[in-house]
There are 2 protein chains.
Amino acid sequence: MLTEKIKDDFSNLLIKEGMKLTSSRLSILDNILSNDSHRECDQIYEDLINDDVKVSRATIYRTLDVLVKYDYVRKLDIGDGKVRYEKKLGTKHHDHMICIETGDIIEFHNNEIEDLQDKIAERHGYKIVRHVHQLFVKPLSSK
Amino acid sequence: MLTEKIKDDFSNLLIKEGMKLTSSRLSILDNILSNDSHRECDQIYEDLINDDVKVSRATIYRTLDVLVKYDYVRKLDIGDGKVRYEKKLGTKHHDHMICIETGDIIEFHNNEIEDLQDKIAERHGYKIVRHVHQLFVKPLSSK
DNA sequence: GTTTATGCAAACCTTTTGCAAATTT
DNA sequence: AAATTTGCAAAAGGTTTGCATAAAC
């Protein structure tokens with residue numbers, strides 16, 4: 001369920017962009033913000049259909065682009081050919097550890113690494129705009 | 001130009017896999033090891049054709065799979081929809097900083113970050129198999 | 001001579017796009 | 001009523017695949 005504030009903010013953002021507040025867009029936003037997993041577009045589509053929300057994949061793709069642009073959603077690409085999306089609004093920054101045995105995606109955050117990254121970029125004359133940090137792991141117990 | 005040692009090692013590896021040492025495979029390996037850039041399959045294809053090596057894209061894809069599996073080549077995916085390949089044999093481990101203004105790819109390495117990564121994984125009961133660390137940056141001078 | 005590799009074109013699969021119909025303002 | 005959005009199905013774009021032919025062993 002979207003709060004009034006979220007709905008208002010979203011509405012204003014759309015107006016600012018010359019876009020309209022449609023029920024499809026609200027349903028997609030609601031679905032994303034109510035879910036903590038890392039889903040492919042098709043999974044989101046299935047979930048919406050199961051909730052009796054009638055939308056097309058095309059609309060989901062088009063809406064995800066807007067949501068990513070405005071930081072409601074983060075696009076996650078772990079290089080397995082499947083692009084995933086996760087809620088970003090109201091969450092803290094984190095990176096991902098992916099278990100290569102189970103496919104589990106675990107979130108992590110480390111300030112020291114963040115600082116070191118910044119220094120490396122600065123040393124080369126750059127400033128970081130965003131970063132991707134993914135650890136592909138297996139259980140210590142695994143051979 | 002491939003050294004005898006590299007050629008022998010490659011030959012042995014193929015034999016072990018029940019595969020044959022073909023001129024296509026040697027040409028592709030040679031091309032990769034002679035190049036320090038980060039190229040898409042299609043760029044590699046063009047470069048080979050320009051060198052009068054007659055191969056198909058299919059063969060390049062199939063050969064790259066083997067080369068990646070045996071650490072001759074690293075597959076690089078910076079999430080822009082273009083998968084790139086870079087020489088790995090004889091190079092030191094590094095990660096990538098990508099300039100979002102010029103598309104330049106700069107290599108970097110930092111032991112402290114590597115150690116911190118290991119600790120994070122361990123703390124969660126995992127061991128790192130590989131990782132992806134990419135900094136998307138812009139010049140400090142840029143607004 | 002047997003087996004694996006190659007090239008070609010078709011198939012794949014996810015994402016994007018053009019357009020007419022539907023929805024929003 | 002004017003403008004944007006939607007769904008559909010087609011297009012796109014990179015990668016994979018099946019199969020007949022070629023090359024390696």
Side-chain angles (χ1 to χ4, degrees), chain A residues 7-8 10-32 38-49 51-70 73-85, chain B residues 2 7-8 10-32 38-49 51-70 73 75-85:
Chain A
K7 214 180 295 183
D8 280 359
F10 187 50
S11 172
N12 289 334
L13 173 165
L14 291 173
I15 289 165
K16 196 185 65 185
E17 287 280 294
M19 298 170 80
K20 290 174 176 172
L21 182 67
T22 66
S23 59
S24 295
R25 286 175 178 154
L26 276 176
S27 297
I28 295 168
L29 178 61
D30 187 21
N31 179 287
I32 298 261
H38 307 84
R39 293 177 296 167
E40 300 165 48
C41 176
D42 213 61
Q43 294 176 313
I44 296 171
Y45 173 73
E46 293 296 340
D47 290 348
L48 283 164
I49 294 298
D51 288 350
D52 287 317
V53 175
K54 229 178 133 298
V55 274
S56 66
R57 271 170 257 259
T59 296
I60 299 179
Y61 278 114
R62 287 186 277 231
T63 302
L64 283 171
D65 284 346
V66 181
L67 296 180
V68 167
K69 181 172 174 193
Y70 286 97
V73 175
R74 178 146 76 133
K75 196 170 179 173
L76 178 63
D77 182 349
I78 62 172
D80 62 351
K82 297 170 184 177
V83 174
R84 293 172 177 79
Y85 297 87
Chain B
L2 297 175
K7 215 180 292 184
D8 280 359
F10 187 48
S11 173
N12 290 333
L13 173 164
L14 291 174
I15 289 167
K16 197 184 65 184
E17 288 280 296
M19 298 170 78
K20 292 174 174 172
L21 183 66
T22 66
S23 60
S24 295
R25 286 176 178 155
L26 276 175
S27 297
I28 295 168
L29 178 61
D30 186 23
N31 179 286
I32 298 263
H38 307 84
R39 292 177 297 167
E40 300 165 50
C41 175
D42 215 61
Q43 293 177 311
I44 296 171
Y45 174 74
E46 294 294 340
D47 290 348
L48 282 164
I49 294 298
D51 287 351
D52 288 317
V53 175
K54 226 177 135 298
V55 274
S56 65
R57 269 169 260 258
T59 295
I60 299 178
Y61 278 115
R62 287 187 276 231
T63 302
L64 283 171
D65 284 346
V66 182
L67 297 179
V68 167
K69 180 172 173 194
Y70 287 96
V73 175
K75 196 170 180 173
L76 178 64
D77 181 350
I78 62 172
D80 62 350
K82 296 170 185 178
V83 174
R84 294 172 177 78
Y85 297 88

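All chains are named by letter (A, B, ...) in the order of the sequence lines, taking the proteins before the strands, and each is independently numbered beginning at 1.
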- What string of B, S and - do you get for nucleotides 18-25 of chain D, 5' to 3', if B is base contact, S is sugar-phosphate-only contact and - is no contact with any protein heavy atom under 4.0 Å? B-----BS
- Using only side-chain N and O atoms of A:R25, determine if any of them is under 4.0 Å from OP1 or OP2 of D:dT6. yes
Drop me the distance from [X]'s [atom1] to [Y]'s [atom2], to the nearest 0.5 angstrom.
X	Y	atom1	atom2	answer
B:L76	B:R39	CG	CZ	13.0 Å
B:D42	B:I60	CG	CD1	8.0 Å
B:S27	B:N31	OG	CG	8.5 Å

- First encountered from the 5' end of DNA chain D, between A:G18 and B:V83: A:G18
- Applying ring pair (Phe, Tyr, Trp, His ring centres under 6.0 Å), name anything that partners A:Y45, two or more places apart in sequence or on another chain. none
- Task: Dump the intermediate steps for side chain to side chain contact (heavy atoms under 4.5 Å, CB included) on B:K82 and B:Q43, then the final yes or no.
- Result: CA-CA 11 Å; B:K82 296 170 185 178; B:Q43 293 177 311; over 6 Å; no
When the distance from [atom1] of [X] to [atom2] of [N] is rounded to whole Å, what number comes out?
X	N	atom1	atom2	result
B:Y85	D:dT15	OH	C1'	9 Å
A:L14	D:dA3	CG	P	19 Å
B:D65	C:dT6	CG	P	12 Å
B:I28	C:dG7	CD1	C1'	12 Å
B:E17	C:dA5	CD	C1'	15 Å
A:I44	C:dT14	CD1	C1'	14 Å
A:R84	C:dT14	CZ	C1'	13 Å
B:Y45	D:dG14	OH	C1'	15 Å

- Message: Applying a 4.0 Å non-hydrogen cut-off, can you work out what B:K82 is touching in the nucleic acid: base, sugar-phosphate, or nothing?
- Response: nothing
- Partner set under side-chain hydrogen bond (donor to acceptor under 3.5 Å, both in side chains) for B:R25, not counting sequence neighbours: none
- Testing C:dG7, D:dT6, D:dT15 for proximity to the side chain of B:T59, the answer is C:dG7
- Heavy-atom side-chain proximity of B:D30 to B:L26 below 4.5 angstrom: no
